[in-house]
Structures are given as C-alpha cells and as structure tokens.
Amino acid sequence: MAGKSKGGKNKGKAQGAGQSVSAEPEVPVADGAEVINPENGEVCDPPAAEGGVADAEKTDGDAPVAAQPGKKPTEGELHLYPVPVRTQSGEKLELQLSPGDSVIDVKQFLLDAPETCFYTCYDLILHSKDGSTHQLEDYNEISEIADITSGGCSLEMVAGIYDERSIRSHLRRVRELLSLSSLHVSLSTSLALQQESAQGKSAGSEKTVIQELDGLNFMEDSAGALTNLLASAPAEIKCVESIVFSSFNPPPSYRRLHGDLIYIDVVTLEGNKYCITGSSKSFYVNCSDGSILDPKPTKQSLEASTLVGLLQKISAKFKKGFREVLDRRASAHPFENVQSLLPVTSWLGAHPVTEHRRDAARAEESVVLSYGTELIGMQRDWNEELQSCREFPHGNPQERILRGRALYKVTCDFVDAAVKGAVGVINRCIPPINPTDPECFHMYVHNNIFFSFAVDSDYEHIPKDWKPDCQNGATRSTKVSSSGVEAKRDMNHSESTEVSNSISDNSSDASAEAQIADSEQATYASANNDLKGTKAYQEADISGLYNLAMAIIDYRGHRVVAQSIIPGILQGDKSDSLLYGSVDNGKKISWNESFHSKVVEAAKRLHLKEHVVLDGSGNPVKLAATVECKGIVGSDDRHYILDLMRVTPRDSNYMGQEHRFCVLRPELVASFVEAESTKQSTRQKVPDASEESGDQVASTSDAKASSVEGDDKSEESSAPTLEENSNSNAEILFNPNVFTEYKLAGSPEEIAADEELVKRAGTYLLEIVIPKFVQDLCSLDISPMDGQTLTDALHLHGINVRYLGKIAGMIKHLPHLWDLFSAEIIVRSAKHVIKEILRQSADHDIGPAIAHFLNCFVGKVSGASTKGSHGNAQSKTQKGHESSQTQKSTKGQKLNNTAASRKGLSTYSHLKSDGIWSNIKEFAKSKYQFEVPDDARLSAKRVSVLRNLCQKVGITIAARKYNLDASTPFEALDILNLQPVVKHSVPTCTDAKNLMEAGKVRMAEGTLNEAYALFSEAFSLLQQITGPMHKDAANCCRYLAMVLYHAGDTAGAIVQQHRELIINERCLGLDHPDTAHSYGNMALFYHGLNQTELALRHMSRTLLLLSLASGPDHPDVAATLINVAMMYQDASNMNTALRYLQEALMKNERLLGPDHVQTAVCYHALAIAFSCMSLYKLSIQHEKKTYDILAKQLGENDSRTKDSENWLNTFKHREEQVNAQKQKGQGTNASDNAINFLKANPALLQAMKAAAIQSGDGSANVNRSLNAAVVGEGVPRLRGVDERAARATAEARKKAAARGLNVRNGPGSNSASDELAHILKVINSVAAASSTSATANAQQSASEGQATNGPAQNGNASEAKAADTNGPSVKSTGNTPVGLGTTLELKKQKSKQKS
C-alpha cells in the first residue's frame, strides 16, 4: 500500500519540532516521491517536504548531508501523486496515491485519516480531468480507470446504502475508535516527549540523570525489574456512557420494509438516553421511550449518515471527547496505531490487576461471536481463498506485490481463526465429527478448518519398558513402525482424514480399528516436520501443486493441528482421489504421470532425488518424494500434496525406530549442497553470486566458509534458496526414503551411494557445522541472549534443537553459554512435564496447577502427604504414564467425569520439587543426552529462566517482584492467563529479502547511496505486502538507520531506528533481545546529537531488558556497560564512568577469561578514561594489558595490536609532557585539561574502539559483539546474517586457526578488581581536586591534543587534523562503515567544518 494521507496537518504532532525526529514518521532524507511512500496509509501528518526535513535540520545541522543516500532513484520505486478527496460532510483532504493502488487501498487510507476514519459505508466517485465521472469498484486499480499522473483528478465520497452486515461493522468501528486500547505507545516515544517538555529545565537535569542511573545494583536484581517492564496503560478518554444494541432488536418485519436494520441504545455523558434507529440510509433518534418501540424520528430531526456524526449532534461532551481521542491517536507514531496481524503474547501482565468494569458492548460481542467464526452464513472457505491467491499471476513486481499481499492476509486470517477454533476444541466447546470413534481419534471441523490432536510422544519415551495400553477400544503403543504412524496420522490429519476415506468409508468400522491397532497418533515431531515440509513446498511454489494452510496450536498441554479442508474430501467415497503416494505404508503406492511431473519439479528445488521404491507386492514405483506423502485430487480438480513429514532426509546421527522423525533441517541441506558444489567446482560461484543479488561475492572455497554462506542463505528461505545450484549439481540430490523401512529398488551400489550421501550430510553437520557454530559462539560472532535467539541461531545454521546437549558439552568453559544452553534444555524438559500436568488438570484447577508447578520448579516444595509424594516421585515414570495414557486418549474430554477430576486434583497437589526435577533430568537425558548438573536448581532461580518457560508454555504471570529464593514464590493469583502458542506457515517475502541482502553487500562496500536505495525499496515492498508490523520491516528500518548514520544524518537515523523499535516491541515482544538492542541503538544515536540525558534513559531501558532476557551475566551486557560509561565520560562524570567500566571488565574477565579480546577492549577503555583524568601511569598500565592480550590473540602484526602500541606510546609521551609541566609548576592544570578535553570530545570512546579493535579492512570479527552492541549490526543480533560477517569470519577463521584462539576462564579476575578498587580511590581524590577549575582550560586542552599528534586527539577542535594522523582506524572508515567508532569521528568532522 503505497499511498499516504496528507490530511490533518492542522493537527500537528504532539512532539513539536524540537524532538520530532524521534516520532516523526517521515524520513527526512530524499526527494519527496521516493521516501514518502511506505506509510501503509497511516496519517503521517506533515508530509516530508513540509515537516520532516525542516525538523531534522532544526535538530541537527547535518540534515543536508543526509539527503545524499536517497538521491539515486531505484527502478521499480513507486511515485505518488496528490489526489484531492471530498468527504461526505464536505471537508476536503488530499491523498498521495500511486497508480497501482487499488480502490481497497484508497479506502484503507481514508479509514486511517482522522477526518474520515468513521466513514465505513460509502461509494467512491472519481472525477477525471476531462469531466467524466466513474464509480469505483473495490478491486479496481486506479490506473485502470483514469490516469492520475497528469493531475486534475479528484475523488468524492458518496454515502452508500447500509445492509445488516455493514451496519454492524460500522458500529464495531465506532467502538474501536472510541477505545484507545488498540494504541500501543512505545516507551521511547514517551521518553522523547518527556524530554521535550522538560527541555526548559535542562540546566539541572544532568545531575538527576546521573543519580538515577548511578547504581549498577538493578542489574543484579532482575526480579525487581519485572515491575518496570510494562508501561502503565494509557488513560481512556470517555466520550459516551454506553452504546449497546437495544433490546428492541431485531426490527419487526413491518419496520424492515421501511429500511430499519438495527436499534441502538445510547447514554451520553450528559446523562441523556436515546434510542437510535440504524436504517439503510442513515442513523436517527427515534421517539421510543420505555418499553414500547416508537419508530418515528424525533421532532428536531436529528439524523446523520454515520453514528459518530449523529452523536456529535446530540452530545457536546461526545464531540469534545472524540476530538481528544483523534488528537491522541494523531500524536502517536503512525506505527503505534497499526494493528499487528500476528500479535505477540506477553508473559507478564499488569500488577495489580486492573479493575474489570461493566461494558455491555464487550459482553455482547463475546456472547454473539462463537469460536473464531464470523457472522452466521459468513464462514470463509479458507482453502479456496488460499489456492485462488496462489493462482494470481506473479510475472512482474506489481503482480508479485498483489499476490504476496493477498497470500499474507489470508494466511494471517487463517492462523487467527485456527487459534480461536483450537481453543474451542480443547475447551470442549466444539463437537467432533466422528463422535462414535474412540475419543483419542476425534476430529473436528469448525469454520471450514479441520482440527486434530497430536500427542507428545517424547514424554512417553522416558520409560522404555512402557507396554501398550488399551483404552476406549483403541490399542496404542509407543513402539511402532513409522509406517504405523503415518497410517495413523491418516486418521489424524485432515489431509489424511480425507484420505482415510480411501481405506474405509467410515473410520469407525473394524478395518480402521485394525489399521490403528499398532500405531500411535501423529506426534509433536511429525506435526513440526509436516509444517516445515509444507513451508518448503510453499516456497518452492510449483504451479499446479497445492498445499493446505496449516497451523499448530499448543494450549493447555494439548497440541492441535489445524488445516484447511480439501474440497469434497469429507463427502462421499473418495477412493479414487489418491493419485500419488501411499496411505498404507507402502503396501499399495499410487502413481500418476501429471502429478509426478509436478513433484519432480518441486523435488529439484528441494534437493530430492527421483528414485524407485517397491510396493508391498514388489512392483517398482518411481517417486520423487517420500512414500508416505499423499497426492490427492480435490473436487476442485486441484492437485494437493500432503503429509510432508520428511521433505529432508533422515538424520544419520539419530538412527533407529525411536528417532524415525529425526530429519535434517532444510537450512543444513542447502548449506551442505553449497559446500559440496564448492568443492566440485568454483565456477558455480559466479552464477550463484549474481543470482543472489551478489551476496556471495567474497566467498572462499573451503568447506567452512561455504557453510557460512549456507547460513546467510538460509535466512532467506531455507530450501529453495539454492535451487539454481541444484540444476547444475544434479548429483547432489538426496533420496528421502533411505534409512526407512520402505524397500528401495535399484542396484545395491546406487542405494549404498544414496545412503552414503545422507551419512555425509550427517557427518558434515557433526564435524563442520557444529564445531564452526561453537567457534562463532566463543568468538562472539554469534551471541544469542535467550532461549528464542538461541533456537533461531541453531536453526539458521541448520542445527536441530536435539543437538543442544552435544553443543552444551563443547562450551563448558564459557559460563554465560553454559548457563544459556543448560537453562534452555531444562526449560524444554520442564515444558513437557508441565504440559502433562495441564492435560490432567480440570478447568477449575489450571491456575493453581501452574502456580504449584512453578513453585516446585523454582522453589522448594515438599509433598503434603508422604504416601502421595512417594507415589509421585516415580509416578511420572510408571503410574503417571498410565494416567497420561488415559489422558491422551481422552484428550481432555473425560475430565467431565468425577474420577478424572479427582485424579486431576491429585496430579498436581502431590507433586513436589524433587519429583519434578527428577523428571526434568530424565527427560533431558533421554531427549538431549544431557546430564543436568546438580546445581541446576539454583540456576533455575533466575528471571530469564522463568521468562523462557512462561513464553514456551504460554503462561502470563503478574509483573510483581517475586522472591525466587522463597520455598513457594508464586500464588495461584499470580497466574493471570494461559495463552495458545502457535506455529504457522505464513509466507515470507523473498523479493524484499533479496533486496536486503544486496543492500548489506553495498553497505559493506561503503556505497551508501545504493544501499539506501535498496533498503528503501525492500521496506516499500514489505510495507505493501505485510504492512509495517513485520520483523523483516524492522530489519529494513535498522539497516536504513545504519546507512543514514554512516552518511552523517543522525536525525534521519533516529527516525528509522524509532520505527524499528516500535515494530520490534509489537512483533517480537517488549523484552525481546532485539528490542533491547533497538533501545541501545536509539541511545547511541541520541548521544550523537548530544542528547545525553535521553540517551542514558534509553540505555537504562536496554540494561533492564537485557537483564530480563539473559540475566546480568552476558558479554552483551558488558558491552552495553561500556557504552553507558562512554556517555557518562562525555558528561564528565568520571566516577560513574569508571564504575561502569570496572563492572564491564569484571564481567568480561569472569565470562570470557582474562585473555579474551573483549577483555582487552575493557582495559583499553579504562586506559582512555585514566588518560582523560591525566592519570597516565594507570593509562600505560592498562594499555600494556590491552597490548599483551591483543598480541597474544591476534599476533603482533595485526593492525589492532599496532594501534594499541601507538596508544601506549602516546600515553608515555603525554606522561613525559605532564612531568615536564609539573616541574614548571603547572601540574594541576593537566587534569583540568583532561576533563575539559573529555567534555569537548563525545567521540572519544568510540574512536578508541575503532583504533584499538577495528582492523584496517573493517573485518574485526572478534570485536563484532561490541560493534553490534553499539549499532546492532552484524551477526550477533541474529536478525539476518550480515554479509560482511561471512567475509570477515572467513578471514578471521584463518587467522584464528593459525594461532589457535585461546579462550579460557582464568584466575586473574580478583586481583584486577582489587586493583581497580584501589584505582577508584585515587581517581576520586584526583577528580575532587581537579573539578575546582574544570572550566578554565578547554582551549589549552584542545591545542594540547593537536600538539601531541598521536591517536588520542579526537577533541572536536582537532577532528579535521585527526583524519590525517590517526592511521588505520580512520582509513577503515573510508571504505567500510563497520562500527560506530570511526563514523562518529567523520560525523563530528563534518559538523565542525560546517560550524
């Protein structure tokens, strides 16, 4: 959606000019048309030309420089044209439209504009230049009707005719507008507004900030931090007492004939009661009073075409309140008004709980709307919608945008409806379609979605001797052949439901019973794999081959699989509908020529081999997919492929029956194929690079480097990314049926070769990918913060989560990684235990059961009755399994009967900590081959572990301070909600991802103009396809901010960074590590504009969020502390700065060891700080340590080591000067000079980082974590792999391999901290002495800086000169804008030259 409303500029932003950069939606960067477009129809009040650039210039003299990156228009960029619109009430506003916009888009823009947001039912008339008028249909594109590019066109809104559906949606829209609950104001916006209002008092503010952030103690007290995470909800603005459907509804038949559709009762704030008639033409007040309907209009003829219009006539207070509501919405950032289609669930809820007030409208809605369905008769045919969208043409970019948008919207709506339906199924509100079957096989159809249960088979695997157990006439056993599973899955998945009809017309008859006899239900793993397979085929996008929409919903311990329904499959005998694959484990395999050709085409893109298998009778059949997948023709004659549990080959490291669902990840297959092809020929690289927007240009040809590239690619769209390669590397194709029980035809050599290839892929994972991943973790190239980012990192590299235990064993020497991995394994194991408890808890026990489990997990609970607790210590392994079995069979349906309820009660009330932990240990051992250490129960008493568990299970707890050391920290009232956790197959936008990859390459090369154009285009695409609320859109904003920052436009960077921050808060969560880094980046940008107080407030939030996500012990926290110290240093608060540096040093020594490069960074920062205080002895001491570490790790010839040597000489030179001055009696001035030197020099620490750590080629991979904490760029954030990382890591790998990167946790930390404590005393006395005349010598300090001519002179006065003298660190800025360090210097130079 490209348009943008220009209406409402009279309602100026609340921010005003001073701080508008932070919340102003427009990028003040380029010539109008290109940059305005991506606003998704939000009202972005002043258009860039009027507001944006002007404001940015007010804020920062650098704005004009900013215009450069955008100057070069890209092909395919959308141009916008102004079109005036006349509203129903006669007002005029202007829209910026693109010829490609559809009429629906225009209506969406009007819905977002304040003047027209309450019009829902109208026709649009287009008046063209030649005077002709056209009535616009919703799905028309504007370009089809008239040419708006030549000007002279205008639009008019004409009141339409309401019907019953549109009048109800009109009423819903009015309620929506009157409530501010949909407005999500970001803390960053509030901080900027506060700062602006407080700017008058800025003189005294510096002190207060420094006090506020002085203490480091809150970092250690993350339990107390819970209370600070959630902002208080915005105060509602009351416009009307109540608006409810009147009890006169429905209108009597004789009134319907006069157009009455609905009656509404309204009580205004003045206390007047009105009965309003909604007719097909308008709303008016009728004469009804009391209990008899009097449909006549009142005398004053109060009438309007909209409800808002009528309410404004009858209530002055409504008019005033509504204006306030619109102003409040207009003052927010436009993105804060946009609804997220896939909202993230929060694990913390407001505490104390807000009062629940009466709201008749809300009550009505909940009673009227059943689970996820729309109004009666309005059920959507999800399958038809989805497949029709897939059939849209997608030849050119505009068509791809329309198709992508339609697919994204339908899929998101499907997921939303599926979640509501699944909750209904699990809460037993929806009846099964096969009620006569055993309950464990019940299937449900609701709102045209098919629901079935999947079972947590992992949990059942613990007791290996568990015997088959008969329940409700169905025999189930864990030890079954995978074929059994597939067949059984037929009963379970819609696809198969459907197919099961081909086995038997009625699933409840004896043959089906036999079919099920030796099988278990679709397990968690097969459901996961099926979803991955569905995504892979979806991305392969073969025309004529269709998938079902699919979502997996975990709720109350159950896993429900939701799918769209193949047309015709639920009606009648479909024995002829199976065209391909097998429903009986390969006894009979169907085959069809046209179907096979499509599957072969898909197989090429998925690296699967066409091969021959034998069916039960020994007949050879040629397949290009697994035997158990099914190809079905629906009654719509479309070819559907289902049951895609094994789109990738088996994992040869996990063989055997119990691991039959262990398959390799698509990312690994892509990476392996890439590595193999690199070995075979380097010529492959050339087409590949051009194919992928040049993103592999610098790849090296060893296997390790190629696995890096695999990682880069997998970020796009795992399986199909490498499709081009597969055409030329026909030999690297996997046979998906090796290592299964199906009989393969073909020569033994061929089969052996196929098996060998799969084994090689498994070996590649174990011997290349995992060791490289571990190396990246140790060097901080990859720096996951919490369970989610760790899982994403593993998946990005093609590593399955089942390897967690293996990797954990390889990183024991790094405490933060060991904590992270062991916590993740414990939480994943605990998740299965709590799901078991939830499955067995009756509805009224859920809150208490969760609280009790958390107390057992975090606290120390000893069972109430010894007998019960003894039973339960083993119950999970024996008795518990029996009950779990029953439970699984009943799927929660039997909970109605009292015995089960009693059992549910005893299930949790007799659990105790020891029992829970022994289960967790057992599960971790069986699933992850991980021995949970004995001190694990202590490490579980961390907020980050609690957060991880709550997020995985969907628990919301009250945001209060918990005493996690108490024996029972939680009460039942602390559990506020249990929400479904969803996995879905929402499509991604590959065009935008390719543009972003290309943009990263350009940015690495330093061609900022091109990078800016590419990122802008990617953002514009995403904006039109997914809307702004999408994590890819956030990545685009982040990169745009970096480009603008490197170009010297800090104000423009803040605008983009603020967008990223809002999107991350909404799409990833308030306390996601990426959100934390967004705040950190905002802080650094504000710091660049010398708004230190605002910067420190953002840094404070960063530290709070990091402490929740990872706990205080993490290298990223140390890097953030260094940034905070830098800010205090610039505010010349040296004491606080040194305390933060000391804390960072202690963290890094403890976590990474005294010889890690990050530890050297801390020593260097301290050396700089001491030199600023003229304590050159200490500077030399610390810089010497820096030099020693760098020399040891990187070698003496590395540019970073040499830079350190230069610093060392500079400090020595300075010391000699000071001594000389002392002899002349000028000693005191030196420290004053130092402090002033510092004051004049915000870029100091930045330059230090650049000089000491940045190598000349911009590839400082070891320092990537620090740079990432500075600008969130590069690998550690895991938000899209940085291309430079691929290049840099390849280089650094070689160096590290040559030297052997030595990372250990040594004994040196205590002495260092003692020494620092001593140093602090010295400093305090010096600082106290020197502060007396701190203002007198700024000039002298600056000239002194120039005189010494060493790397230290970064004072603003000497910036220009520093460019010549500063050697490698500045040189690197010229070609690669890597860290913030060097570019800050450039920015300062520019501003200085200007001034």
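Please read all numbers here as calculations on a predicted model, not as lab measurements.
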Test item: [X] side-chain N/O and [Y] main-chain N/O as donor-acceptor pair under 3.5 Å:
X      : Y      : value
His333 : Phe335 : yes
Arg403 : Arg390 : yes
Asn427 : Gly424 : no
Arg173 : Cys117 : yes
Glu270 : Lys317 : yes
Tyr162 : Ser305 : yes
Asn434 : Met443 : yes
Ser288 : Asp294 : yes
Ser179 : Glu176 : no
Ser315 : Leu311 : no

Decide whether [X] and [Y] meet the rule of one side-chain donor and one side-chain acceptor closer than 3.5 Å.
X      : Y      : value
Asp163 : Ser166 : yes
Thr120 : His170 : yes
Glu91  : Thr87  : no
Glu156 : Tyr122 : no
Arg638 : Asn383 : no
Ser89  : Tyr119 : yes
Glu241 : Thr268 : no
Ser279 : Asp260 : no

Problem - Glu303: salt bridge (charged side-chain N to carboxylate O under 4.0 Å, His left out) partners, not counting sequence neighbours - result: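 Applying salt bridge (charged side-chain N to carboxylate O under 4.0 Å, His left out) to Glu303 gives none.
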
Practice task
Identify the residue among Asp413, Asn448, Asn447 that makes a side chain to side chain donor-acceptor pair (under 3.5 Å) with Arg380.
Solution key: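 Considering Asp413, Asn448, Asn447, a side chain to side chain donor-acceptor pair (under 3.5 Å) with Arg380 is found only for Asp413.
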
Practice task
Dump the intermediate steps for side chain to side chain contact (heavy atoms under 4.5 Å, CB included) on Val266 and Val285, then the final yes or no.
Solution key: CA-CA 10 Å; Val266 172; Val285 178; over 6 Å; no

Using a strict threshold of under 4.0 Å (side-chain N to carboxylate O), is an ion pair present between [Y] and [X]?
X      : Y      : answer
Lys107 : Asp138 : yes
Glu164 : Arg168 : yes
Arg556 : Asp843 : yes

Any non-hydrogen side-chain atom of [X] less than 4.5 Å from a side-chain atom of [Y]?
X      : Y      : result
Glu94  : Val83  : no
Phe283 : Ile264 : yes
Leu978 : Thr956 : no
Leu407 : Pro987 : yes
Pro295 : Leu293 : yes
Ser564 : Glu384 : no
Leu110 : Glu115 : no
Leu386 : Thr411 : yes

Flag if over 12 foreign heavy atoms under 6.0 Å of [atom1], [X]:
X      : atom1 : answer
Leu257 : CG    : yes
Arg86  : CZ    : no
Asp636 : CG    : yes

Identify the two heavy atoms, one from [X] and one from [Y], that lie closest to each other, and give their separation to 0.1 Å.
X      : Y      : result
Leu548 : Gln387 : CA-NE2, 4.5 Å
Val419 : Pro980 : CG1-CG, 3.5 Å
Phe414 : Trp382 : N-CZ3, 3.5 Å
Leu302 : Lys313 : CD2-CB, 4.4 Å
Leu178 : Glu236 : O-OE1, 4.0 Å

Once you round to the nearest 0.5 Å, how far does [atom1] of [X] lie from [atom2] of [Y]?
X       : Y      : atom1 : atom2 : result
Glu324  : Cys239 : CD    : SG    : 7.5 Å
Arg1066 : Leu342 : CZ    : CG    : 12.0 Å
Ile426  : Arg559 : CD1   : CZ    : 11.0 Å
Leu261  : Arg256 : CG    : CZ    : 7.0 Å
Asn286  : Lys296 : CG    : NZ    : 9.5 Å
Leu126  : Asn140 : CG    : CG    : 10.5 Å

Exercise for the section: Would you sort out whether Val986 and Val415 count as a side chain to side chain contact (heavy atoms under 4.5 Å, CB included), showing the intermediate values? Expected result: CA-CA 8 Å; Val986 173; Val415 170; 4.2 Å; yes

Practice task
Carefully, step by step, assess Leu155 and Leu97 under the rule side chain to side chain contact (heavy atoms under 4.5 Å, CB included).
Solution key: CA-CA 11 Å; Leu155 289 169; Leu97 298 180; 4.2 Å; yes

Practice task
Could you pull out all residues at least two apart from His1030 that satisfy ring-ring contact (aromatic ring centres under 6.0 Å, His included)?
Solution key: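 So His1030 forms a ring-ring contact (aromatic ring centres under 6.0 Å, His included) with Tyr408.
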
Problem - Verdict with supporting geometry, Ile243 and Val240, side chain to side chain contact (heavy atoms under 4.5 Å, CB included) - result: CA-CA 7 Å; Ile243 301 179; Val240 65; 3.9 Å; yes

Please work out whether the ring planes of [X] and [Y] are parallel, tilted or perpendicular, with thresholds of 30° and 60°.
X      : Y      : result
Phe248 : Tyr263 : perpendicular
Phe322 : Phe318 : parallel
His446 : Phe451 : tilted

Problem - Stacked cation flag Arg175 on Phe118, 6.0 angstrom / 45 deg - result: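 That pair does not qualify as a cation-pi contact.
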
